[in-house]
Amino acid sequence: MYAPPVYPCACGAPVAPPLMRGAPVEPITHRTWTDEWVTVRCGECGRQDQWPQPELGCPCGTVLRVPVRPVTAAASPPRSLAPGGPAGTVTGRRDPAATGRTETPGTVPGAGPEAAGAADTPGAGAPLGSDATPSTTGLSTVGAAAPYPQPPAVVRPSFNPVTIRTARDVVTAAALYLRWLGFREVVQPEERRSSMTPAVELRGPGLVAQVDPTTRPVPLRAVECLWLEGLASSSAAVYFSLAGYEDRSRARADGVGLPLFVMDLTGTPQPVNTPADDLLARGA
């Protein structure tokens, strides 16, 4: 029996694309970027991310695309939003499809007109149609009452940078920075896995990093390859660059949660996106 691959959500929960039972599979004759990825909601935190489209290889050589149930507004709320309550409920929040309004998180339903009136917002909680999707409404289906928890700040000594004069200094500074963040046994592998990018690879237990010491912005392909390599090895992936990143590279890294750092000439990496800020705050 076919089982879809499982991927790690940013919250740490395993996420598997929900298959459409009984739907016919489709042979893949032409590949496009849109068809290669599907949007999947995490059942624990409600986060929506794009993951590889499930596929199945036939003994005859044909590759089959397995249909996945699309994310819709009718999906149940994440379980992690209801500590102490039954699974599938959100504490302090009524079902908008049943009541037509959203209460402020933490208020007790029926606590009085003052509490209810403070929670009402004109137009808030209007029920969506059963066929409403992010593509038809232009709105995210993740509940606004479920902000991602901010990572706790980690107290650590000041980072001692290495002044960058050569390409080797860039790699050294990145390795020292990763160790300062808490990654252990960060080394440069003897064998290079890929010659398609000028970046230098750094590895450690649960870590794969790329350091680009060139004067060209990092292209989209390099960011995607590092992200997929991290998924394949169940490791945290981090990118360092001396010249920054292309706009498409930054957008893709933001979408998949890949930390990006840019190196200044003092040898101190600077975070350039939110995942990098989070990694700097919480450490390894």
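No hydrogens, no waters, no symmetry mates; every other heavy atom, side chains included, goes into these values.
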**Message:** side chain to side chain contact (heavy atoms under 4.5 Å, CB included) for Glu55 and Leu64? Distances and angles first, verdict last.
**Reply:** CA-CA 6 Å; Glu55 297 177 356; Leu64 304 174; over 6 Å; no

Identify the heavy atoms of [X] and [Y] that sit nearest to each other, and give their distance.
{"X": "Val162", "Y": "Ala173", "value": "O-CB, 4.4 Å"}
{"X": "Glu201", "Y": "Gln188", "value": "O-CG, 3.5 Å"}
{"X": "Leu242", "Y": "Thr214", "value": "CB-O, 3.8 Å"}
{"X": "Phe159", "Y": "Pro161", "value": "O-CD, 3.2 Å"}
{"X": "Asp264", "Y": "Ile164", "value": "O-CD1, 3.3 Å"}
{"X": "Gly46", "Y": "Arg41", "value": "O-CG, 3.7 Å"}

Is the closest side-chain heavy-atom distance between [X] and [Y] below 4.5 Å?
{"X": "Leu202", "Y": "Val187", "result": "no"}
{"X": "Met263", "Y": "Gln270", "result": "no"}
{"X": "Thr274", "Y": "Asp254", "result": "no"}
{"X": "Ser241", "Y": "Pro217", "result": "no"}
{"X": "Val262", "Y": "Pro269", "result": "no"}
{"X": "Leu260", "Y": "Pro271", "result": "no"}
{"X": "Val63", "Y": "Pro27", "result": "no"}
{"X": "Pro67", "Y": "Val25", "result": "yes"}

**Request:** Would you sort out whether Arg221 and Glu246 count as a salt bridge (charged side-chain N to carboxylate O under 4.0 Å, His left out), showing the intermediate values?
**Result:** CA-CA 10 Å; Arg221 180 180 178 84; Glu246 295 180 355; over 6 Å; no

**Asked** Linking I/L/V/M/F/W/Y whenever any side-chain heavy atoms sit under 4.5 Å apart, do Leu228 and Val223 land together?
**Response**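 The answer is yes; both residues are in one hydrophobic cluster.
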
**Asked** In the single-linkage hydrophobic clustering (I, L, V, M, F, W, Y; side-chain heavy atoms under 4.5 Å), do Leu226 and Leu231 co-cluster?
**Response** yes

**Request:** Start with the C-alpha gap between Leu265 and Thr163, add the side-chain angles, then the distance that decides, and say whether side chain to side chain contact (heavy atoms under 4.5 Å, CB included) holds.
**Result:** CA-CA 6 Å; Leu265 295 182; Thr163 302; over 6 Å; no

Check: [Y] main-chain N/O paired with [X] side-chain donor or acceptor under 3.5 Å:
{"X": "Arg179", "Y": "Val186", "value": "yes"}
{"X": "Thr62", "Y": "Cys60", "value": "no"}
{"X": "Trp51", "Y": "Pro5", "value": "no"}
{"X": "Gln53", "Y": "Val66", "value": "yes"}
{"X": "Ser249", "Y": "Tyr245", "value": "no"}
{"X": "Asp169", "Y": "Thr172", "value": "no"}

If I take atom [atom1] from residue [X] and atom [atom2] from residue [Y], how far apart are they, to the nearest 0.5 angstrom?
{"X": "Leu280", "Y": "Tyr177", "atom1": "CG", "atom2": "OH", "result": "4.0 Å"}
{"X": "Arg69", "Y": "Arg21", "atom1": "CZ", "atom2": "CZ", "result": "9.0 Å"}
{"X": "Asn273", "Y": "Tyr239", "atom1": "CG", "atom2": "OH", "result": "13.5 Å"}
{"X": "Arg282", "Y": "Leu181", "atom1": "CZ", "atom2": "CG", "result": "9.5 Å"}
{"X": "Phe183", "Y": "Leu207", "atom1": "CZ", "atom2": "CG", "result": "5.0 Å"}
{"X": "Leu176", "Y": "Asn160", "atom1": "CG", "atom2": "CG", "result": "9.0 Å"}

**Asked** What pairs with Glu26 under salt bridge (charged side-chain N to carboxylate O under 4.0 Å, His left out), at least two apart in sequence or on another chain?
**Response** Arg65

**Asp49: partners by salt bridge (charged side-chain N to carboxylate O under 4.0 Å, His left out), with sequence neighbours left out** = Arg47

